[in-house]
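This structure is a prediction, so every number in the text was calculated from the model and none was measured.
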2 protein chains.
Amino acid sequence: MGKQMTEMLKGTLEGIVLALLTGKAAYGYEITTQLREQGFTEIAEGTVYALLVRIEQKGLVDVEKRPSEKGPPRKVYTLNAQGENELNEFWNTWSFLSERIEELRKEGK
Amino acid sequence: MGKQMTEMLKGTLEGIVLALLTGKAAYGYEITTQLREQGFTEIAEGTVYALLVRIEQKGLVDVEKRPSEKGPPRKVYTLNAQGENELNEFWNTWSFLSERIEELRKEGK
DNA sequence: TACCGGTACTTAGTTCTACTATGTAGTGGT
DNA sequence: ACCACTACATAGTAGAACTAAGTACCGGTA
C-alpha cells in the first residue's frame with residue numbers, strides 16, 4: 001500500500017466500514033472482500049479484523065456468531081444506535097475536512 | 001480537537017501544508033495562523049513545527065532563515081520540485097479516497 | 001489418506017503522525 | 001521589571017494501519 005494512502009486511511013477507514021454496515025449487517029471476511037472490490041485492493045486483512053474488534057469494544061456494533069457452510073463460524077456485525085451516531089459525526093468531520101481541502105485545490109494551491 | 005479529526009488529519013495535514021506553500025513561501029508561525037484562519041482552529045503549534053521539520057528532512061522544501069522585525073528569525077519554507085511531486089501524489093491519493101467515500105455517502109450507506 | 005486452496009478469524013510487534021506540555025528567545029509597550 | 005505577542009523546538013504519549021504469523025474448518029483431488 002502506498003504510504004500516503006496508509007496514513008490517509010487513519011480516521012477514515014473506520015467511517016468507511018461503518019458506512020458499509022449501514023442497513024446491512026456483514027462479517028469480517030465479507031467486509032474485506034467488499035473493500036477490495038471497491039478499489040481498496042491492498043487493505044490488509046489483519047487491519048480490518050483489528051478495526052472490527054475496536055468498534056465492537058467501543059460499542060458501535062452488535063455482534064452475532066453464525067455458522068458458515070464453508071469454514072469457521074462468522075462474526076456478523078450490525079450497526080447499532082451508538083454506531084449511527086459515530087457515523088454521523090464521521091460525516092460531519094469528513095465534510096469539514098474535504099471542503100477545506102477542495103478549496104485549497106480550487107485555489108490552485 | 002475532536003479525536004476523529006485528529007486521526008483524519010494524519011496523512012492529510014502534510015498535503016494541506018504543501019498546498020499552502022504552492023506559489024508562496026511561508027514560515028511556520030504564518031502557516032499555523034493561516035490554518036487557524038481556515039477553520040483548523042485547534043491545530044497545535046507544535047504539530048506544525050514538527051511537520052515542517054519532517055518535510056524538510058524528506059527534502060520536499062527548501063529553507064531560508066530571515067530576520068523578523070518582531071521576534072526571533074523566521075524559517076521560510078519554499079516548495080521545491082520534489083515537494084511538487086509529493087503534492088501531486090497527494091492529490092491523486094486524495095481524489096481516489098474522496099471519490100470512494102462520496103460514493104458511500106450517495107448510496108445512503 | 002494426505003495435501004492444498006479457499007474461507008474465516010486472531011494477535012504481537014512495528015511504524016507513522018498528531019497531540020500534550022513545556023521550554024527557549026527576541027521585540028515592544030506599560 | 002513585566003507582559004503580550006512573535007517565532008521556533010522537542011520529549012514523551014496515544015491511536016491506527018501495517019507486517020507477519022498463526023489457528024481452524026471445509027471440499028476437492030492425487
*Can you list the residues that meet the salt bridge (Lys or Arg N to Asp or Glu O under 4.0 Å) rule with B:Glu45, with sequence neighbours excluded?*
none
*Listed once per pair and sorted, the salt bridge (Lys or Arg N to Asp or Glu O under 4.0 Å) pairs that draw on residues 85-99 of chain B, sequence neighbours left out*: none
*With sequence neighbours left out, what residues match B:Thr33 under side chain to side chain donor-acceptor pair (under 3.5 Å)?*
none
Where do N or O atoms of nucleotides 21-28 of chain D meet protein N or O atoms at under 3.5 Å, pair by pair?
none

_List the residues meeting side-chain contact (heavy atoms from CB on, under 4.5 Å) with B:Arg54, not counting sequence neighbours, and say none if there are none._
B:Glu14, B:Leu51
*Looking at DNA chain D, which of residues 48-63 of chain A put a heavy atom within less than 4.0 Å of it?*
A:Leu51, A:Arg54
*Can you name the side chain to side chain donor-acceptor pair (under 3.5 Å) partners of B:Asn92, sequence neighbours left out?*
none
*Would you please name every residue forming a side-chain contact (heavy atoms from CB on, under 4.5 Å) with B:Lys75, sequence neighbours left out?*
B:Glu56, B:Val63, B:Lys65, B:Tyr77
*Ranges pairing with ranges for DNA chain D, where each run has three or more Watson-Crick or G-U pairs under 3.5 Å*: C:1-30 with D:1-30
*Please list all pairs passing the ring-ring contact (aromatic ring centres under 6.0 Å, His included) test where one or both residues lie in residues 33-66 of chain A, with sequence neighbours left out.*
A:Phe40-B:Phe96
*Does B:Lys70 have any side chain to side chain donor-acceptor pair (under 3.5 Å) partners at least two apart in sequence or in another chain, and if so, which?*
none
_Residues which pass side chain to side chain donor-acceptor pair (under 3.5 Å) with A:Asp62, listed by chain and number, not counting sequence neighbours_ = A:Asn80
